[in-house]
Undergrad: 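My questions will all concern the structure given below.
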2 protein chains.
Amino acid sequence: MSNIKALPLLEPETGSGPESVAPCCPPLTERPFTAEEAERTARMFKALGDPVRLRLFSAVASHAGGEACVCDISDVGVSQPTVSHHLKKLKEAGLLTSERRGTWVYYRVEPSVLASMGRLLTSE
Amino acid sequence: MSNIKALPLLEPETGSGPESVAPCCPPLTERPFTAEEAERTARMFKALGDPVRLRLFSAVASHAGGEACVCDISDVGVSQPTVSHHLKKLKEAGLLTSERRGTWVYYRVEPSVLASMGRLLTSE
DNA sequence: CATCTATGTTGACACATGTCGAATCAAAGC
DNA sequence: GCTTTGATTCGACATGTGTCAACATAGATG
């Protein structure tokens with residue numbers, strides 16, 4: 001499934017983790033992004049660029065305990081396979097992580113991501 | 001061109017302006033987004049979800065004087081019609097505005113946008 | 001083991017999107 | 001007016017994306 005052209009940006013520690021994570025680039029307003037920076041950063045924005053994914057992400061991010069079971073958030077108006085597909089996309093973009101505990105699979109927001117993306121947009 | 005289903009969110013003052021602007025939604029972490037909130041917000045993220053557009057946006061946002069002529073930023077590795085196409089998308093998403101002055105067309109970042117998007121991502 | 005429930009994967013399909021060359025428009029200068 | 005230069009629009013094409021039904025997998029429980 002990793003048809004994503006392996007970008008060695010952060011430490012690839014886990015080996016099974018998401019393809020990329022955030023702390024990569026200066027604020028968008030600091031200087032023009034290079035092609036590589038844009039490639040990396042666009043992946044995250046793109047992941048949030050779909051209404052269903054944005055709702056899923058928001059549902060996880062705002063859920064009590066910092067994590068949510070799929071069953072808690074899958075009421076977004078599309079079929080269950082489609083929910084699964086979008087959650088996978090969010091994982092591949094490095095925005096979410098998942099863990100199976102017993103019957104259910106729990107998703108949580110990759111901690112540093114929100115802050116990192118926020119920093120991209122804050123000229124300050 | 002306006003195949004976008006007219007969303008009456010901000011004051012449509014100008015009549016010729018972009019389709020939507022930012023100050024719409026609480027932080028992503030506050031509560032699950034509604035379908036409408038997601039629809040609106042995803043449009044902006046989607047606009048920044050392409051590497052070429054991200055470079056163009058960054059180039060404008062970081063340019064001296066707060067604005068840039070197309071000729072200043074069109075060196076992003078794609079043809080000039082494609083640059084124009086992406087700038088149009090950024091305009092339609094409400095992220096950029098454009099103005100022709102004599103021979104050249106200048107683009108600038110819609111002022112409130114960066115702060116608004118930043119606020120979406122800052123749990124604070 | 002059989003079965004049920006919760007998620008994920010596959011295959012297929014319609015539709016959106018990024019790209020380019022060619023044509024067009026807009027302003028400036030001859 | 002014609003020509004030149006900057007920028008957008010048009011038409012076409014290949015690729016990407018969101019969606020679902022059908023199938024597969026993982027645990028739990030009988």
Side-chain angles (χ1 to χ4, degrees), chain A residues 1-5 16 18-19 35 38-39 42-57 59-60 67-93 95-108, chain B residues 1-5 16 18-19 35 38-39 42-57 59-60 67-93 95-108:
Chain A
M1 50 241 30
S2 100
N3 53 352
I4 299 178
K5 37 205 170 313
S16 70
E19 307 299 338
E39 200 81 40
R43 237 191 297 273
M44 299 189 303
F45 282 118
K46 189 174 190 174
L48 295 181
D50 176 89
V52 173
R53 280 198 295 271
L54 199 53
R55 289 186 74 185
L56 290 171
F57 184 82
V60 173
E67 66 179 10
C69 162
V70 177
C71 58
D72 288 327
I73 61 176
S74 51
D75 187 20
V76 287
V78 295
S79 72
Q80 186 271 324
T82 302
V83 168
S84 193
H85 166 72
H86 284 304
L87 287 172
K88 185 180 181 181
K89 286 286 196 75
L90 288 166
K91 255 175 73 176
E92 289 174 347
L95 301 183
L96 293 180
T97 59
S98 69
E99 179 196 1
R100 170 159 226 139
R101 289 205 300 278
T103 306
W104 294 283
V105 176
Y106 293 88
Y107 283 80
R108 45 175 58 238
Chain B
M1 43 252 30
S2 94
N3 54 351
I4 298 179
K5 35 200 173 307
S16 70
E19 308 298 338
E39 200 82 39
R43 237 190 298 272
M44 299 189 303
F45 283 118
K46 188 174 190 174
L48 294 180
D50 176 89
V52 173
R53 280 198 294 272
L54 200 53
R55 289 186 75 185
L56 290 171
F57 184 82
V60 173
E67 67 178 11
C69 163
V70 176
C71 57
D72 288 327
I73 60 176
S74 51
D75 188 21
V76 287
V78 295
S79 72
Q80 202 269 333
T82 302
V83 168
S84 193
H85 166 73
H86 284 305
L87 287 172
K88 185 180 181 180
K89 285 288 196 75
L90 287 167
K91 253 176 74 175
E92 290 175 347
L95 301 183
L96 293 180
T97 60
S98 70
E99 179 195 1
R100 170 160 227 138
R101 287 204 300 278
T103 306
W104 294 284
V105 175
Y106 294 87
Y107 282 80
R108 46 175 57 241

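Numbers restart at 1 for each chain; the letters A, B, ... are given by sequence-line order, proteins then strands. No experiment lies behind these values; they were computed from the predicted model shown.
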Undergrad: Taking the side chain of A/Val52 as heavy atoms from C-beta outward, which of D/dA7, D/dT19, C/dT19 is closest to it?
TA: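 Comparing D/dA7, D/dT19, C/dT19 against the side chain of A/Val52, the answer is D/dT19.
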
Undergrad: On DNA chain D, check which nucleotide each of A/Val78 and A/Arg100 is closest to and give me the residue with the more 5' one.
TA: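 Counting from the 5' end, the first nearest nucleotide belongs to A/Val78.
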
Undergrad: Quick one: does any side-chain atom of B/Arg53 pair with a main-chain N or O of B/Ala47 as donor and acceptor, under 3.5 Å?
TA: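 Yes; judged by distance alone, with no hydrogens or angles, the pair exists.
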
Undergrad: Measure CH2/B/Trp104 against P/D/dG6 and give the value in whole Å, please.
TA: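 Taking CH2 of B/Trp104 and P of D/dG6, I get 8 Å after rounding.
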
Undergrad: Tell me the interatomic distance from B/His86, atom NE2, to D/dT8, atom C1', rounded to whole angstroms.
TA: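 Answer to the nearest Å: 14 Å.
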
Undergrad: Can you check side-chain contact (heavy atoms from CB on, under 4.5 Å) on B/Ile73 and B/Leu87, steps first, answer last?
TA: CA-CA 11 Å; B/Ile73 60 176; B/Leu87 287 172; 4.2 Å; yes

Undergrad: For D/dT19, does OP1 or OP2 lie under 4.0 Å from any side-chain N or O of A/Thr82?
TA: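 The answer is no; no side-chain N or O of A/Thr82 sits under 4.0 Å from OP1 or OP2.
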
Undergrad: Rounded to whole angstrom units, what separation is found between the CG atom of A/Leu87 and the C1' atom of D/dT19?
TA: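 It is 15 Å, rounded to the nearest whole Å.
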
Undergrad: May I have the distance from B/Arg101 (atom CZ) to D/dT5 (atom P), rounded to whole angstrom?
TA: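 To the nearest whole Å, that distance equals 23 Å.
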
Undergrad: Mind calculating the distance between CG (A/Leu90) and P (C/dG8) to the nearest angstrom?
TA: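 Whole-Å distance recorded here is 12 Å.
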
Undergrad: Looking at CG of A/Asp50 and CD of B/Glu39, how far apart are the two atoms once the value is rounded to the nearest 0.5 Å?
TA: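 With rounding to 0.5 Å, CG (A/Asp50) is 8.5 Å from CD (B/Glu39).
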
Undergrad: Does some side-chain heavy atom of A/Leu56 sit less than 4.5 Å from a side-chain heavy atom of A/Leu96?
TA: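 No. Closest side-chain heavy atoms not under 4.5 Å.
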
Undergrad: Any side-chain N or O of B/Lys46 under 4.0 Å from OP1/OP2 of C/dA16?
TA: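 B/Lys46 to C/dA16 OP1/OP2: no side-chain N or O under 4.0 Å.
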
Undergrad: Look at the side chain of B/Gln80 against the base of D/dG6 and say whether a donor-acceptor pair falls under 3.5 Å; ignore hydrogens and angles.
TA: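 Between D/dG6 and B/Gln80, which were checked side chain against base, a qualifying N/O pair under 3.5 Å is absent.
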
Undergrad: Nearest nucleotide by nearest heavy atom, which residue falls closer to the 5' end of DNA chain C, A/Thr103 or A/His85?
TA: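 The answer here is A/Thr103.
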
Undergrad: Keeping the roles fixed (side chain from A/Arg100, backbone from A/Gly102), state whether a donor-acceptor pair exists under 3.5 Å.
TA: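 At least one qualifying donor-acceptor pair exists.
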
Undergrad: Of all the nucleotides listed (D/dT8, C/dT7, D/dA21), which has the minimum atom distance to the side chain of A/Cys71?
TA: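 So the side chain of A/Cys71 is nearest to C/dT7.
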
Undergrad: In whole angstroms, how far is the C1' atom of C/dT9 from the NZ atom of A/Lys89?
TA: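 Roughly 14 Å, once rounded to whole Å.
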
Undergrad: With a 4.0 Å cut-off on heavy atoms, is A/Tyr106 in touch with a base, just the backbone sugar-phosphate, or nothing at all?
TA: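 Contact class for A/Tyr106: none.
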
Undergrad: Give the rounded distance in Å between these two atoms: CD of A/Glu92 and P of D/dG16.
TA: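 The answer, rounded to whole Å, is 14 Å.
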
Undergrad: Hey, is the side chain of B/Lys88 poking within less than 4.0 Å of OP1 or OP2 on D/dA7, counting only N and O atoms?
TA: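 So the side chain of B/Lys88 is outside the cut-off, no N or O lying under 4.0 Å from OP1 or OP2 of D/dA7.
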
Undergrad: Using OP1 and OP2 only, check whether a side-chain N or O of A/Arg53 sits under 4.0 Å from D/dT17.
TA: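 Answer is no, no contact under 4.0 Å.
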
Undergrad: Output yes when at least one side-chain N/O atom of A/Tyr107 is less than 4.0 Å from OP1 or OP2 of C/dG8, else no.
TA: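 Answer yes for this pair, as a side-chain N or O of A/Tyr107 is under 4.0 Å from OP1 or OP2.
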
Undergrad: Once you round it to whole Å, what is the distance between C1' of D/dT5 and CG of B/Asp72?
TA: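 B/Asp72 atom CG is separated from D/dT5 atom C1' by 15 Å.
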
